[in-house]
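Worksheet: one structure, shown below.
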Amino acid sequence: MSEISKTYSPEDVEKKWYKTWEEGKYFKPRPGKQKEGYCIIMPPPNVTGRLHAGHALDITTQDALIRFKRMKGFEALWLPGMDHAGIATQTKVEELIFNEEGKKRGEYSREYFLEKTWKWVEDYGGIIALQSKTMGASPDWDYSMFTMDEGPHKAVKKAFVDLYNEGLIYQSDYIVNWDPGLQSAISDAEVEYEEVNGNFYHLNYKVKDSDELIEIATTRPETLLGDTAVSVHPDDERFKHLIGKIAIVPLCEREVPILGDDYVDMEKGTGCLKVTPGHDFNDFEIGKRHNLPIINILNKDGTLNDYGLEWKDLSCKEARKGIVKKLKELEVLLEVKPHRHQVGHGDRSKTIIEPMVSKQWFLNTKKMAKDSVEAVESDTTKFYPKGWENTYFSYQRNPRDWCISRQLWWGHQIPVFKCTSCDHQWATEEEKPTGCEKCKSSEIVQDPDVLDTWFSSGLWPFSTLGWPDKEKMIERKFDTFYPTSVLVTGHDIIFFWVARMMMMGQKFTGTVPFPKIYIHAIVRDKLGRKMSKSLNNGIDPLDMVKQYGADAFRFTLAAGSGYNRGINLDPERIGGFRNFVNKIWNAYRFIEPHLANAGKELPEELDHHERWIIGELNAVSKVMNESMEEFRYDDSCSAIYQFVYDKFCSWFIELSKTQLSGEDAEAKAQRATVLRYVFRKVVALLHPMIPFITEELWSFLKDKEEDLLIIQDYPEFSKDNEFHKDQEIMNRFIETITGIRNLRASVNIKPKEEVPVELFSDDEELVKYYSENLQNFRDLAKVGSLKVSDKSNQRPGKSAFKATTHTEIFLPLEGVIDLGEQIARLEKDLKKTEKEFLKYDKKLNNEKFMSNAPDEVKIEVRENAKEFEEKLNSIKENLQNFKS
RNA sequence: GGUCGUGUAGCUCAGUGGGAGAGCACUGCCUUGACAUGGCAGGGGUCACAAGUUCAAUCCUUGUCACGACCACCA
């Protein structure tokens, strides 16, 4: 035998099969027996991205699904793509230009920058797609889309113009999260709050024409330069009398009104609030209520502008120091109390966010959000696991208008034009309109801002399928694949992405973009911590693939994926599953020499063991189908693991050895046939999880005319293949063999040494079965001589003895065994069994139980009681016997 | 402050109103003809705590404690 190596080496196998699949166009959707499409849209990774553990899980769960559905006979499309990632990419290219040319934004033209960015995308972008291939991802790469491609760009324009003309997109001066690093507005969702150490500064503001002072607490003293009011609660007895008077803001000596406003919390701070509508969200609202002027004290880069007085051009942080010093000198500053509070940071830039008023584009999402909530409430779209609905609802039930404009260059430029001669402003899908639609002037300019990246992401499920271009929709089979079948993603982007797709999908296609949403876990390190650069606890998927093979890594991720929220990934576990993959390899090595002997079809007449393994195979097929359908990869993996390892390798292969090396040619051929049959099903069942080794083994197992495993039928459950009786007997047989082995070990019999065994049972079928399978006892438990009889017969004397609920097992080894030890062991067992028996017996004697419990429970308890009574009696009698 | 979630074997985690499970780790024995990335056998848990519902609670209810995620607030 063998050219086949003793251990499986993944590297060459993986390369070979990926190439074969890709070149053979096996990832292309092809119509199958289901006559239906099945489509998963891959969450498009950032064009700047590198494969990390989260992607690996994303890929594994989606790829397993798409491979499963492909084998089930669906026209399966996994549509890959790439996101232009406005902020991330812009930042990267700006850095590049700065490093190469020492120039900053504003020192080169928009055209130059975009040229550079496209070049960057071409040269370095999309590495992640190549990396995905090492994981065995099977999307149809020919279908791939980039969010900046012409198709999605047209979709973005169409969507924008429609929403604009409907009045849902509007432009407004409003307070937004301003990222001074990016010099752009960002959406609420892109702000992350971090706790930092700060201070409460207590300041005294003078009240005009009075000796009174009003004490105010603030964490940001520098913003007083933008104060346009002081506010107290209208019912606050302490300050009520000040309402209507004028306060004087220190430093700038600005006279501002003292207001009464319900928003003020009497309990907080000093009960007096300085109002800075230009730089605080709540103050902005107060300002609106009282028609206060808005003063912007900041430049776009976060430094102070002319309102900054002597601190002009300093950053807020710098200015604060100077201002505090000055306030102290002026004796305005009363005290400084340390205070921990949350400060917003840009999720990409990590710079401190300044609330700032500026002119931005907003999308009113109220109606769309409501529709998207209803779709989930009515189960038109279902979350798996269901709990994530709450997260989704919490965002969608209180939608704030979405700030969709970004002061960046990389992205979809807002398709709004303005006429410089008549001031008319309009949105159009035309890329380069020639003149004003009203006055026909050719003096027109396009809005310089670009759209939030998530705007184009929201259209992704249908823009990738050709929408809104009728011809493209036919070409890309919109009708077959939309709505898509399921969305698979992590919970961190339920709001960013899932909610937006739900809104846009319903808005523009009239239907939800997917009926199911599977939210997978977040990958963490083995201690449950998030993977991060600072902890240096990241696990590189490429490393894992290299070390253990893609299959083992995939199986580990799948086995850890169900309805859980986190996967704690420990490389040691991958090692464990690498061993499993190797086990499969070696199971094949065992079967291989017998393949030539094997028939194609399962024989008509199966023997007991064969019926048993077919029955177990049937059962595991059922579990696999059901669990995959519900995204319970964990259940799928443990079911197939157990079947392969335990049922197939430990028992069926072991039971087949004697047969296969025997003289009976017919029996040999039959067993070879069954082994081949079962193993072909096993690799098919496993293929979605571990595609590489299964494809490799299939190439040895398949008939010449058969195609690759990737498009073979997935094994199905069949009523004809249920063999409950054989499973029951086999389970008892396994218990008996284990019992014999246990006894051997307990009296230190060497593994090679044969022992005599006597079995007693009142189960006639079992007695018959034991008698007909003497050879199996020899093979599996080194039984030299076996005596089987019913319990009416005389038991042997001093022996190693064990009772099961159905069989008494004796190893008559007088002289070898230590009787005292045996008795001690039996007494321990007796106690345990007694306890178990009493548990059931007590119930049977409990009137309330007997009158309340359902019949099937009573029957079961009665049976259990009987079984344990039998075991109990066996132990008691024989113990007595040994003692006498 | 709110929402959701978690607490089961040394570790990582499944699970069920009626007999406590898996993988890894651990112990002992085995260089057995597929596999030492292996085989056989084994030890180990008051199912966080308390009360309640029930004939029956690890599972349902309430409370307590601990932990986590997200959201909001933050003068």
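Every chain is numbered from 1, with letters handed out A, B, ... down the list of sequences.
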Here the ring pair (Phe, Tyr, Trp, His ring centres under 6.0 Å) pairs for residues 260-282 of chain A, sequence neighbours left out, are none
Is I522(A) touching bases, backbone alone, or none of the nucleic acid, heavy atoms closer than 4.0 Å? nothing
Residue set satisfying salt bridge (Lys or Arg N to Asp or Glu O under 4.0 Å) with D236(A), at least two apart, ordered chain then number -> R238(A)
Here the distance between atom C1' of A72(B) and atom CD of Q396(A), to the nearest Å, is 17 Å
- Query: When the P atoms of U8(B) and G2(B) are considered, how many whole Å apart are they?
  - Reply: 26 Å
Discussion item. Does E654(A) reach a base, just sugar-phosphate, or nothing at all? Heavy atoms under 4.0 Å.
Written reply: base
**Report entry** Atom P, compared across A14(B) and A50(B): separation rounded to whole Å
**Finding:** 24 Å
Any K657(A) side-chain nitrogen or oxygen under 4.0 Å from OP1 or OP2 of G33(B): no
Can you give me every donor-acceptor pair (side chain of residues 224-234 of chain A, partner residue at least two apart or in another chain, under 3.5 Å) with its distance?
from	atom 1	to	atom 2	distance (Å)
D227(A)	OD1	K274(A)	NZ	2.9
D227(A)	OD1	T276(A)	OG1	2.8
D227(A)	OD2	Y205(A)	OH	2.6
T228(A)	OG1	P293(A)	O	3.1
H233(A)	ND1	D235(A)	N	3.0

- [ ] Select base, sugar-phosphate, or nothing to describe what N282(A) touches, counting heavy atoms under 4.0 Å on all strands.
- [x] sugar-phosphate
Item checked: Sugar-phosphate, base or nothing in reach of S638(A), heavy atoms under 4.0 Å -> nothing
- Reckon R397(A) touches a base, only the sugar-phosphate, or nothing at all at heavy-atom distances under 4.0 Å? nothing
Those residues at least two apart in sequence (or on a different chain) that pass salt bridge (Lys or Arg N to Asp or Glu O under 4.0 Å) with R744(A) are none
From CD1 of I640(A) across to P of A14(B) the rounded distance in Å is 21 Å
Rounded to the nearest 0.5 Å, the CD1 atom of I740(A) sits from the CG atom of L780(A) at a distance of 9.5 Å
inquiry  = Strictly below 4.0 Å, N to O, side chains only: are K858(A) and E856(A) in salt-bridge contact?
reply    = no
Reckon V861(A) touches a base, only the sugar-phosphate, or nothing at all at heavy-atom distances under 4.0 Å? nothing
Exercise for review: Could you check whether Y8(A) gets within reach of a base, just the sugar-phosphate, or nothing at all, counting any heavy atom under 4.0 Å?
Suggested key: nothing
note: L273(A), atom CG; C73(B), atom P; distance rounded to Å ~ 14 Å
The reported gap from CZ in R676(A) to NE2 in H594(A) (rounded to nearest 0.5 angstrom) is 14.5 Å
*Charged N to carboxylate O under 4.0 angstrom, K657(A) versus D779(A)?*
no
Quiz item: If you look at every strand shown and take non-hydrogen atoms under 4.0 Å, does D492(A) touch a base, only sugar-phosphate, or nothing?
Solution: nothing
Listed range with range, the stems formed with RNA chain B by at least 3 consecutive Watson-Crick or G-U pairs (under 3.5 Å) are B:1-7 with B:65-71, B:10-13 with B:21-24, B:26-30 with B:38-42, B:48-52 with B:60-64
Picking from A69(B), C71(B), G23(B), the nucleotide nearest the side-chain atoms of H491(A) would be A69(B)
Closest to the side chain of Y263(A), out of C74(B), G38(B), A20(B), is C74(B)
*If you look at every strand shown and take non-hydrogen atoms under 4.0 Å, does I216(A) touch a base, only sugar-phosphate, or nothing?*
nothing
E870(A) meets the salt bridge (Lys or Arg N to Asp or Glu O under 4.0 Å) criterion, sequence neighbours left out, with K791(A)
*asked:* Using the rule given for salt bridge (charged side-chain N to carboxylate O under 4.0 Å, His left out), can you reason through R397(A) versus E377(A), listing the C-alpha separation, both sets of side-chain angles and the distance that settles it, and then say yes or no?
replied: CA-CA 12 Å; R397(A) 280 188 177 138; E377(A) 281 173 341; 2.6 Å; yes
Residues A550(A) and E14(A): closest non-hydrogen pair is N-OE2, 2.7 Å
With the side chain defined as heavy atoms from C-beta on, R632(A) is closest, among G23(B), A14(B), C35(B), to A14(B)
To the nearest angstrom, the CG-P distance between L557(A) and G23(B) comes to 20 Å
- Task: Apply salt bridge (charged side-chain N to carboxylate O under 4.0 Å, His left out) to the pair E754(A) and K782(A), showing each step before the final yes or no.
- Result: CA-CA 5 Å; E754(A) 291 191 340; K782(A) 281 278 172 212; 5.2 Å; no
Whole-Å distance, K6(A) NZ to U31(B) P, equals 15 Å
Y193(A) OH to C70(B) P, in whole Å, measures 14 Å
Testing C29(B), G19(B), A14(B) for proximity to the side chain of N564(A), the answer is A14(B)
Side-chain donor-acceptor pairs under 3.5 Å in residues 860-869 of chain A, sequence neighbours left out?
from	atom 1	to	atom 2	distance (Å)
N864(A)	ND2	E860(A)	O	3.3
E867(A)	OE2	R732(A)	NH2	3.3

Extract from the structure each pairing of a protein N or O with an N or O of nucleotides 2-7 of chain B at less than 3.5 Å, listing the distance.
from	atom 1	to	atom 2	distance (Å)
C4(B)	O2'	R565(A)	NH2	2.8

Are there any protein N/O atoms within less than 3.5 Å of an N/O atom in nucleotides 40-47 of chain B, and if so, which ones and at what distance?
from	atom 1	to	atom 2	distance (Å)
C40(B)	O3'	R741(A)	NH1	3.2
A41(B)	OP1	R741(A)	NH1	3.4
G42(B)	OP1	N742(A)	ND2	2.7

List, with names and distances, any nitrogen or oxygen atoms from the protein found under 3.5 Å away from nitrogen or oxygen atoms belonging to nucleotides 55-59 of chain B.
from	atom 1	to	atom 2	distance (Å)
C55(B)	O4'	N852(A)	ND2	3.4
C55(B)	O2'	N846(A)	ND2	3.3

By the 4.0 Å heavy-atom rule, please label D634(A) as base, sugar-phosphate, or nothing.
nothing
Determine whether the side chains of T556(A) and R573(A) contain a donor N or O and an acceptor N or O closer than 3.5 Å.
-> no
**Message:** Roughly how many Å apart are U6(B) and G38(B), using the C1' atom of each and rounding to a whole number?
**Reply:** 37 Å
So, with a heavy-atom separation below 4.0 Å from RNA chain B, the residues of residues 574-588 of chain A are R578(A), N579(A), N582(A), K583(A), N586(A), A587(A)
Separation of C67(B) atom C1' from R524(A) atom CZ, nearest Å, is 12 Å
Note: L660(A) and K668(A) closest approach over all heavy atoms is O-CE, 3.1 Å
d(I591(A) CD1, I653(A) CD1) to nearest 0.5 Å is 5.0 Å
- Query: Judged by modelled atom types alone, do E192(A) and H345(A) share a side-chain donor-acceptor pair under 3.5 Å?
  - Reply: no
Applying ring pair (Phe, Tyr, Trp, His ring centres under 6.0 Å) to F837(A) and not counting sequence neighbours gives none
Rounded to whole Å, CD of Q642(A) lies from P of G15(B) at a distance of 16 Å
Which part of the nucleic acid, if any, lies within contact of S661(A), taking any heavy atom under 4.0 Å across all strands shown: a base, the sugar-phosphate backbone alone, or nothing?
nothing
